[in-house]
Amino acid sequence: MAERLIAAVFNGFRGFLLRGRFSSLTRRIVAFNVVALCVLVSGVLYLNQFREGLIDARRQSLLTQAEIIAGAIAESATSAQDAQVVDPLERRRKPRDIRPPVPAGDMDTDEDASELPIIPENAAPILRRLVLPTQTRARLYDKDGWLILDSRQLTASGQIVAFELPPPAGAEAPGPLGRLRDKLLGLLPGRDLERYKEAGSQNGTIYSEVTRALRGIPSSMERVNDRGELIVSVAVPIQRYRAVLGTLMLSTRGGDIDAIVRAERLAIMQLFLVDLGVTILLSVLLAGTIAEPVRRLAESAEIVRRGKTRRAQIPDFTARRDEIGELSGALRDMTNALYRRMDAIESFAADVAHELKNPLTSLRSAIETFTLAKDEKAKARLMQIIQDDVRRIDRLISDISNASRLDAELSREEMEDVNVATLLETVCDLFTETGASGSARVVLDIEAGPHGRAGMIVKGFDMRLGQVMRNLIDNALSFSPEGGIVRVSAARVPGRIVIRVEDEGQGISPDNFERIFDRFHTDRPDSFGEHSGLGLAISKQIVEAHRGTIRAENRLEDGGVTGARFIVELPTTSS
């Protein structure tokens, strides 16, 4: 199973590269992830806590080891009763000065104890046994800081002791790669430490830790040698009866800590290379799931822009349920809306041309006939036809202009809170006070519900909603008989407001329930040319822009049609 998964991932990655779609977005994703990984690894290599912990552990180990060895030397390698005392300054190839044994009863003061020397013959076996196996260097100094013993000079039978020599004075200077390596190594932490110097025959007090140890203070120090290798050294006092008899200094071999740190960094680099490969692979796969769909969406959008095909299909990625899916759905909806708008514009242009052509044709015929008419009565009738056609053209142009501006206005303006009860009262009062209702009456009935008039709020444009109400009421009045009643009602139901406009006319043919909302459609045979047929179409457009619905039906009583009813439903701002 795992092998098949790895093979599928590899084949997908190879196919992605072979298609040549290593896009800019893919390169950016890979670059950002790789840079982040490089910064992380660089920080690990530069601020590696392992190195500091290793140095601290080594320092503590050397201190513990030095204290044990110093205690052993203080107990076994210093002169005591019946012991010979050796002057360390004259011990090389000179006869030893034999001092008389010091009585035990006379060694009860610090001054007497401070005169006790360290016996090299007794200290050497201790250093050989305890120091040589640990691969550390031990140096034993007397109370004045002069060297007594150096573990480099102690060898067991058949044992070879190796230690680093300083580079020869005439060594060749490092090449460019060597200088680059040294410069990079110099950037690592700890490379600005004090340089290590070999004391040799000089006094051991050139080492600050030895100086502090001679004052009875255990101390440690970190230095780097000429090769840039770290050397950790510790110095502890050799005390007996609280008197400092000398100092023991332990130091690591140059490069042993660096070798461990170097091995650790090598392991980190190996892990980094593996992580780098995985990061690049996953970044490319991630970019493939982002860049490839975006590229396809961009190509489809470009095809739509150029308009080379009638219906360009936007790829459907909505099943992804992520931002790419949302983008795909939004582009598909936008494209479909664009095509619908284009279809509507084409249809509207065709309808406009057709509606304008009829009065223009009638107008031209009337004008041509007018020149041939001999009778004044005929001329007057032709002049009346010409004037009616001109008014009809003017009305058509005005309605067409309003209809063409309507969509742009609805998309640009911000909706506001509109109180439907107040709007209906204003519109109905306008018809009543101006006498526009003629012989019919307009009756308003509002059922606000438990929330009162405050619950009759919708989001919309008050001017456009008022236009809808005026169109519906004016349409109902035109079909109402003499003395009829136009009933306007509004009721609050859960989630919406329902507005009804009812008349007492002859009703609507069932076949025209949907057609009456088409542009330029009119069902007024007795008033040809007086209406453009755009009123209900504009009303439907406005209502749908408010996310509402409008429909028509007949009022039925006792099985007969008693009038028409228009129902408008608008969503409210609250439940």
[atom1] of [X] to [atom2] of [Y]: how many Å apart, nearest 0.5 Å?
| X | Y | atom1 | atom2 | answer |
| --- | --- | --- | --- | --- |
| M456 | L424 | CE | CG | 7.0 Å |
| D445 | R500 | CG | CZ | 10.5 Å |
| I386 | I367 | CD1 | CD1 | 5.0 Å |
| L331 | D316 | CG | CG | 11.5 Å |
| F566 | I516 | CZ | CD1 | 4.0 Å |

Exercise. Looking at residues at least two apart in the chain, or sitting in another chain, which of them share a salt bridge (Lys or Arg N to Asp or Glu O under 4.0 Å) with R555?
Worked result: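 Scan of R555 (salt bridge (Lys or Arg N to Asp or Glu O under 4.0 Å), adjacent residues dropped) gives E502, E557.
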Exercise. Sequence neighbours excluded, which residues qualify as salt bridge (Lys or Arg N to Asp or Glu O under 4.0 Å) partners of R381?
Worked result: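 For R381 there are no salt bridge (Lys or Arg N to Asp or Glu O under 4.0 Å) partners, ignoring immediate neighbours.
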Would you call [X] and [Y] a side-chain contact if the rule is heavy atoms closer than 4.5 Å?
| X | Y | answer |
| --- | --- | --- |
| D503 | L477 | no |
| P315 | S300 | yes |
| V468 | I499 | no |
| V442 | D429 | no |

For this session: I would like to know whether I508 and F479 meet side-chain contact (heavy atoms from CB on, under 4.5 Å); could you show each step before the answer?
Result: CA-CA 10 Å; I508 305 171; F479 283 98; over 6 Å; no
Problem set entry | For E569, the option from R496, R547, R492 that meets salt bridge (charged side-chain N to carboxylate O under 4.0 Å, His left out) | R496
Exercise. Would one find more than 12 heavy atoms of other residues, nucleotides or ligands at under 6.0 Å from atom CD of E514?
Worked result: no
For this session: State whether a side-chain donor-acceptor pair under 3.5 Å links Q467 with R470.
Result: no
Exercise. Does any pair with a residue in residues 325-336 pass salt bridge (Lys or Arg N to Asp or Glu O under 4.0 Å), and if so which ones, sequence neighbours excluded?
Worked result: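 Those involving residues 325-336 do not exist here.
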Problem set entry | N/O donor-acceptor pair under 3.5 Å between N554 side chain and L556 backbone | no
